[in-house]
Amino acid sequence: EVDPRAGEDVEPNPSKRAEPRIPLGVLIEAGLLQPGTVLSDPSGRLHARVRADGTLTADNALGQHRGSIHQVGAAVQGAPACNGWTFWHFEQAGARLPIDHLRQQVRAGL
C-alpha cells in the first residue's frame with residue numbers, strides 16, 4: 001500500500017553552506033573575471049576593482065578599502081557585514097549580474 005515518489009520529490013536539497021567553497025581567485029584563474037574588472041553594487045552607484053590576488057579595492061566617501069568581496073562590500077556601505085557574492089555585480093551583454101552567477105558556473109564544472 002506504499003505510494004512510491006519520484007526521486008526529486010524526496011531527495012533533500014543541499015543548503016548553500018553545504019556547496020563547495022569557491023574563492024574569488026578561482027574565478028580569476030578560470031578567466032571568468034580579469035584583474036582590473038570594475039564591479040558595482042546592484043544599483044551601479046558603488047564600485048570596486050578586482051585585484052590579481054582575489055581581493056577588491058574601492059574608494060568612496062567612507063574611505064579607501066581593500067580586502068575580500070565581503071569586507072569591501074560591507075565597508076563601502078558602512079555595514080557590519082555583506083554577502084559579496086550577491087552584492088557585487090559585473091556587466092555581461094548589457095546586463096548586470098551578481099558574481100554569484102560566475103561562482104555557479106565554476107561549481108557546475110566541478
Side-chain angles (χ1 to χ4, degrees):
E1 300 283 336
V2 175
D3 187 16
R5 300 284 177 213
E8 64 270 6
D9 293 338
V10 294
E11 291 176 4
N13 283 335
S15 70
K16 281 278 196 189
R17 289 185 178 266
E19 292 179 332
R21 296 181 68 86
I22 307 291
L24 185 66
V26 171
L27 302 183
I28 296 167
E29 291 171 5
L32 298 172
L33 278 179
Q34 302 297 319
T37 299
V38 176
L39 304 176
S40 67
D41 71 323
S43 71
R45 292 181 302 128
L46 301 172
H47 299 90
R49 184 176 297 273
V50 175
R51 295 175 40 85
D53 64 0
T55 62
L56 301 182
T57 58
D59 295 323
N60 70 356
L62 298 175
Q64 295 180 339
H65 315 286
R66 179 177 176 195
S68 73
I69 58 174
H70 312 294
Q71 292 168 331
V72 175
V76 298
Q77 296 177 84
C82 173
N83 180 344
W85 291 108
T86 56
F87 179 75
W88 293 113
H89 287 62
F90 69 103
E91 296 279 334
Q92 183 179 50
R96 185 176 293 133
L97 301 170
I99 59 174
D100 190 47
H101 179 77
L102 299 174
R103 179 172 66 161
Q104 293 303 327
Q105 287 180 17
V106 170
R107 282 184 176 150
L110 294 178

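The first residue in the sequence is number 1, and the count goes up from there. This one's a predicted model, so the numbers in the text were calculated from it and none came from an experiment.
- Residues passing the side chain to side chain contact (heavy atoms under 4.5 Å, CB included) test with Q77 are L46, A79, C82, F87, sequence neighbours excluded.
- Connection of L27 to L97 is established within a shared hydrophobic cluster, with ILVMFWY side chains joined at heavy-atom distances below 4.5 Å, either directly or through further cluster members.
- Listed by first and then second residue, the salt bridge (Lys or Arg N to Asp or Glu O under 4.0 Å) pairs involving residues 73-93 are E91-R96 (not counting sequence neighbours).
- Counting only heavy atoms from C-beta outward, the side chains of S68 and L24 never approach each other to under 4.5 Å.
- Here the NE2 atom belonging to H47 is positioned 7.0 Å from the CG atom belonging to D41, to the nearest 0.5 angstrom.
- Formation of a donor-acceptor pair under 3.5 Å by the H70 side chain with backbone atoms of G84 is found in this model.
- Considering CG of L33 and CZ of F90, their distance stands at 7.0 Å, rounded to 0.5 Å.
- In this structure, W88 contributes its side chain and I69 its backbone to a donor-acceptor pair below 3.5 Å.
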Quick one: side chains of residues 53-60, donor-acceptor pairs under 3.5 Å with protein atoms, not counting sequence neighbours, listed by atom name and distance.
{"residue": "D53", "atom": "OD1", "partner": "T55", "partner atom": "N", "Å": "3.1"}
{"residue": "D53", "atom": "OD1", "partner": "T55", "partner atom": "OG1", "Å": "2.6"}
{"residue": "D53", "atom": "OD2", "partner": "R66", "partner atom": "NH2", "Å": "3.0"}
{"residue": "T55", "atom": "OG1", "partner": "R51", "partner atom": "NE", "Å": "3.2"}
{"residue": "N60", "atom": "OD1", "partner": "L62", "partner atom": "N", "Å": "2.9"}
{"residue": "N60", "atom": "OD1", "partner": "G63", "partner atom": "N", "Å": "3.4"}
{"residue": "N60", "atom": "OD1", "partner": "H65", "partner atom": "NE2", "Å": "3.1"}
{"residue": "N60", "atom": "ND2", "partner": "V76", "partner atom": "O", "Å": "3.0"}

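- We find the CD1-CG distance between I22 and L102 to be 11.5 Å, quoted to the nearest 0.5 Å.
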Stepwise, does the side-chain contact (heavy atoms from CB on, under 4.5 Å) test hold for D100 with N83?
CA-CA 10 Å; D100 190 47; N83 180 344; over 6 Å; no
